[in-house]
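This report concerns only the one structure given below.
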Amino acid sequence: PTGTANNIARALGQHERPLEELVRAWEDAPRAKLDVGVAKGPWGSRNFIEGLGFGIFAGHLAVLEDEEEDESQSASDKVDGPLRGMKETAEEAEAIQVVATLDGQNLSGKYLMMEALNLHYVGPNMRLALDGKPGDGEFEVVLVTEDERARFVQYLEAWRENRDRLAVLRFSDKAEV
């Protein structure tokens with residue numbers, strides 16, 4: 001596993017093993033399932049591995065994609081910096097009015113963020129879902145309302161230690177947003 005956050009390797013329990021050791025073990029290694037989600041919309045269909053959503057998290061990641069990476073930063077700084085920026089965004093962001101159905105349940109309302117997660121770690125190594133398993137055929141859905149803003153900001157302040165779950169719902173079929 002290489003890269004900064006290593007979310008897939010972390011979800012599969014392989015993030016602390018050296019790459020060379022993993023490669024040597026390929027022939028005899030147990031196989032693990034990894035679900036691939038499909039998002040459909042006006043843009044067509046797109047596959048996703050980690051997660052899919054809108055609001056604070058997705059908007060902040062879109063901004064990060066446009067920035068040039070500073071190669072002199074440590075891996076820790078590459079993760080901590082974006083989370084500090086996300087915290088600042090979370091303190092000021094306006095909620096988005098959403099019409100959404102999840103497993104037949106109406107979830108329409110105003111949200112700062114909504115994420116459907118395949119892995120419990122997403123983006124800059126942020127753990128939003130406690131129970132997500134990569135091959136279980138289900139997604140974790142994290143919903144953050146305006147009333148939960150302070151809790152989310154607190155989570156971002158202490159994200160390494162704070163593994164407290166936000167508003168998480170499980171689903172296994174289709175979510176319509």
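Numbers here are sequence positions counted from 1. Computed from a predicted model, the values in this text were never measured in an experiment. Because only heavy atoms are used, hydrogens play no part in the values below, and waters and symmetry mates are left out as well, while side chains stay in.
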Could you tell me the separation between the CD atom of E94 and the CD atom of E146, rounded to the nearest 0.5 Å?
-> 8.5 Å

Verify same cluster id: V38, I49 (apolar side-chain graph, 4.5 Å) | no

Judged by atom type as modelled, is there a donor-acceptor pair below 3.5 Å linking the side chain of Q105 to the main-chain atoms of L102?
-> no

Got a donor-acceptor contact below 3.5 angstrom from the R149 side chain to the A95 backbone?
-> no

Kindly compute the distance separating NZ (K33) from CG (D136), expressed to the nearest 0.5 Å.
-> 9.5 Å

Do K110 and V98 have side-chain heavy atoms sitting under 4.5 Å apart?
-> no

Are more than 12 heavy atoms from other residues, nucleotides or ligands located less than 6.0 Å from atom CH2 of W26?
-> no

Quick one: do V141 and F54 end up in the same hydrophobic cluster if we chain Ile, Leu, Val, Met, Phe, Trp and Tyr together by side-chain heavy atoms under 4.5 Å apart?
-> yes

Establish, from distance only, whether the side-chain atoms of N106 and S108 form a donor-acceptor pair under 3.5 Å.
-> yes

Does R31 reach the main-chain N or O of A29 with its side chain, forming a donor-acceptor pair under 3.5 Å?
-> yes

Flag the pair F152 / V144 as yes when at least one side-chain heavy-atom distance between them is below 4.5 Å, and no otherwise.
-> yes

E91 with K87: basic N within carboxylate O range, under 4.0 Å = yes

Determine, step by step, whether V142 and M114 satisfy the side-chain contact (heavy atoms from CB on, under 4.5 Å) criterion, reporting the C-alpha distance in whole Å, the side-chain angles of both residues, the deciding distance to 0.1 Å, and the verdict.
-> CA-CA 6 Å; V142 177; M114 180 184 282; over 6 Å; no

Determine yes or no for a side-chain-to-main-chain donor-acceptor pair under 3.5 angstrom, with N118 supplying the side chain and D35 the backbone.
-> yes

L119 and V36: same hydrophobic cluster, using ILVMFWY side-chain contacts below 4.5 Å?
-> yes

Atom pair CD1 (I56) and CD (E92), whose distance is rounded to the nearest 0.5 Å = 10.5 Å

Interatomic spacing from CG in L22 to CZ in R17 - rounded to 0.5 Å | 4.5 Å

Any L143 side-chain heavy atom under 4.5 Å of L107 side chain | yes

Go through the steps for L112 and T145 under the test side-chain contact (heavy atoms from CB on, under 4.5 Å), then give the verdict.
-> CA-CA 6 Å; L112 296 173; T145 65; over 6 Å; no

Is it true that atom CD of Q97 has more than 12 heavy atoms of other residues, nucleotides or ligands lying nearer than 6.0 Å?
-> yes

Side chain proximity check, V153 to E157, heavy atoms < 4.5 angstrom | yes

